Amino acid sequence: MSELDLVTVLDALGDRVRLTYIRALAAGGGEKRCGQVLDDTDIKISKSTLSHHLQILRQAGLTHTTIQGNSRHISLRRDDLDTRFPGLLDSVCRME
């Protein structure tokens with residue numbers, strides 16, 4: 001948890017695509033296939049662009065990736081984030 005840095009987290013959340021991805025993960029709860037998360041949004045991006053955004057979210061400590069067969073599953077590190085930065089995710093998810 002000590003690897004979570006506020007500036008890095010906020011920088012990762014400063015992009016519309018990544019913020020939408022985090023909001024969708026938070027709303028859905030649990031683990032999702034990486035390409036499945038944005039299915040219900042108006043954001044359409046290529047797989048390579050999605051991979052880039054997912055790398056930034058993972059490196060910032062916002063998400064955890066699990067490989068299952070040939071697919072990757074993404075989960076939000078909500079407990080770690082809520083412990084380190086209480087209320088941040090809830091605030092970010094409420095903003096429009």
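This is a predicted model, so every value here is computed, not measured.
- The two residues K44 and D39 come nearest to each other via the heavy atoms NZ-O, 4.1 Å.
- Considering CZ of R23 and CZ of R94, their distance stands at 11.0 Å, rounded to 0.5 Å.
- Between K32 and I74 there is no side-chain heavy-atom pair separated by less than 4.5 Å.
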inquiry  = L38 vs L50, test: side chain to side chain contact (heavy atoms under 4.5 Å, CB included). Steps then yes/no.
reply    = CA-CA 10 Å; L38 294 177; L50 177 59; 4.2 Å; yes
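- V9 has its side chain within reach of L88: a pair of non-hydrogen atoms, C-beta onward, lies under 4.5 Å apart.
- Residue D79 comes nearest to T83 through the heavy atom pair O-OG1, 2.8 Å, listed as atom of the first residue, atom of the second, then distance.
- Across D90 and R78, no two heavy atoms sit closer than the pair OD1-NH1, 3.4 Å.
- Side-chain contact check for L76 versus L81: some heavy-atom pair is nearer than 4.5 Å.
- Taking CZ of R72 as the start and CZ of R33 as the end, the distance is 13.5 Å to the nearest 0.5 Å.
- Scanning both residues, L4 and R84, for their nearest heavy atoms gives O-NE, 3.0 Å.
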Pairs under 3.5 angstrom only: tabulate donor-acceptor contacts from the side chains of residues 13-22 to other protein residues two or more places apart or in another chain.
residue, atom, partner, partner atom, Å
D15, OD2, V17, N, 2.9
D15, OD2, R18, N, 3.2
R18, NE, A12, O, 2.8
R18, NH1, H53, ND1, 3.0
T20, OG1, R16, O, 2.8
Y21, OH, C34, O, 2.8

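- Taken from CG in L62 to CG in L57, the straight-line distance is 5.5 Å, to the nearest 0.5 Å.
- A distance of 4.0 Å separates CD in Q68 from NE2 in H73, rounded to the nearest 0.5 Å.
- I56 and V92 fall into different hydrophobic clusters, where Ile, Leu, Val, Met, Phe, Trp and Tyr side chains are chained together by heavy-atom contacts under 4.5 Å.
- Minimum heavy-atom separation, S46 to T49: OG-OG1, 2.9 Å.
- Both L89 and L6 are members of a single hydrophobic cluster when ILVMFWY side chains are connected at heavy-atom separations under 4.5 Å.
- A distance of 11.5 Å separates OG1 of T63 from CG of D80, quoted to the nearest 0.5 Å.
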